[in-house]
Amino acid sequence: MESIRSSLERFMKNKDWRHRYDKLKQEVLSYPRIKEFFEEHPEWTQKELEPYLMKLFEYKRERQNCDVCPGLTECPNMMQGYQPDLKTEKGQPLVTYHPCRLKRQADERRRQQALIRSMYIPKEILEATFDDIEQDHASRLSASNQCLKFALQAQPGEDANGLYLYGKFGVGKTYMMGAIANELAERDIQTMMVYVPDFFREMKQALSDGSVQEKIDNVKNVSVLILDDIGAETTSAWVRDDVLGVILQYRLMEKLPTLYTSNYDYEELETHLSYSQKGGIEQLKAKRIMERIKHLTIPVFIDGKNRREM
Ligand code: ADP
Ligand code: MG
């Protein structure tokens, strides 16, 4: 893009520059926003405008781009997303820049997105919002109301109560959690969404490189933790007691809410957790974990069509 200075210089070199100069001046002064500025500052109409013409020209060119805004990514202004203002300071016109509405919105969105951390969760889920949730089934309506209520009222650090979303594969449980995470981000509350089967697999691998503690710490401290698809993993007694158990114990003490999605209801999950890979049945330990989950969540059932087949 040609700089304002060079275009003005090129213009001044021209032999009939006086004529062109007057034309430019006329153009600048007839730009409605500049006209308005002069109407608000009648003292300016008396002054010699030559020294300020370049500034006014810059203002006009940049502000005109905003008048026909093509969107932030296509913004042709010198500084993308910045809109000029025309002011007067110490008796001189001054052009300053402020981030435009679209830039402010994009910055805010980026800041909020940074509040949502995730492990192995698809991008479309991380962008879900309550506005996108179709209320095509009575249980989905009541579930989304409960989820929205949680997102609007959660007080991490003061109240550890969360939700336990369960129902068949594909009814939109994980999607609903994505909407919660985004709503929480609007309240500046940090969430972490973890796909449990992959997380537990990673923890088992962490045993060999000594990073177990660090990985647990990463997850246990987050304001709102979403454990997605609990029950779909192959459990081992170690993961159940020394990973899940430790995380939940910490969060209980710190009053940090945990949310779950599962294809299982409470009872089925307890059964699942009581079988370990080694073939032993450890009902007591499974019961202990389940008591903790039940005590700190409201069960929310979602029914409906399998959306993955739509
Ligand atoms: P679940 O976790 O219950 O197995 P998902 O949340 O993964 O189901 O949803 C299955 C699919 O349907 C995903 O591709 C998801 O993006 C989509 N989906 C779920 N709920 C909605 C919704 N309310 N509106 C639009 N798409 C949805
Ligand atoms: Mg899911």
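Atoms within a ligand are numbered from 1 in the order they appear, just like the ligands themselves. Note: hydrogens, waters and symmetry copies are ignored here, and every other heavy atom, side chains too, is used.
Polar contact check, Phe169 against ligand 1: no nitrogen or oxygen pair lies under 3.5 Å apart. Here's the thing with Lys173: one of its N/O atoms is less than 3.5 angstrom from an N/O atom of ligand 1. Taking only nitrogen or oxygen atoms, main chain and side chain alike, Met176 does not reach within less than 3.5 Å of ligand 1. Considering backbone and side-chain N/O atoms, Glu124 comes within less than 3.5 Å of an N/O atom of ligand 1. Some N or O of Val171 is nearer than 3.5 Å to an N or O of ligand 1, by distance alone.
The Mg ion (ligand 2) lies under 2.8 Å from an N, O or S atom belonging to Thr174.
Nearest to atom 10 (C) of ligand 1 among the protein's heavy atoms is Arg308 CG, 3.6 Å. Looking only at protein heavy atoms, the nearest one to atom 6 (O) of ligand 1 is Tyr175 N, 2.8 Å. At the top of the distance list for atom 12 (O) of ligand 1, counting protein heavy atoms only, stands Arg307 CB, 3.3 Å. Shortest contact from atom 2 (O) of ligand 1 to any protein heavy atom: Thr174 OG1, 2.7 Å.
Between Tyr82 and His98, the ring center distance fails the sub-6.0 Å criterion. For Tyr166 and Phe301, the ring centers are positioned less than 6.0 Å apart.
Under 4.0 Å is where a charged nitrogen must lie from a carboxylate oxygen, and between Asp22 and Lys25 no such pair does. A salt bridge does not link Arg187 with Glu183: every distance from a Lys NZ or Arg NE/NH1/NH2 to an Asp or Glu carboxylate oxygen is 4.0 Å or more. Of the charged side-chain nitrogens involved, at least one lies within less than 4.0 Å of a carboxylate oxygen, so that Arg33 and Asp67 count as a salt-bridged pair.
At a 4.0 Å cut-off, not a single heavy atom of Thr261 sits close enough to ligand 1 to count as contact.
Per-residue contacts place Gly172 under 4.0 angstrom from the following atoms of ligand 1 (heavy atoms of the residue considered): 1 (P), 3 (O), 5 (P), 6 (O), 8 (O), 9 (O), 19 (C), 20 (N). With ligand atoms numbered from 1 in the order given, ligand 1 contributes 23 (N), 24 (N) to contacts under 4.0 Å with heavy atoms of Asp132.
Considering Gln105, Gln112, Arg104 in turn, Gln112 is the only one that fulfils the side chain to side chain donor-acceptor pair (under 3.5 Å) rule with Glu108.
At most 12 non-hydrogen atoms from other residues, nucleotides or ligands lie less than 6.0 angstrom from CD1 of Ile298. The neighbour count for Glu267 CD, taken as heavy atoms of other residues, nucleotides or ligands under 6.0 Å away, does not exceed 12.
The hydrophobic clustering, which links ILVMFWY residues whose side-chain heavy atoms are closer than 4.5 Å, places Val243 and Leu259 together.
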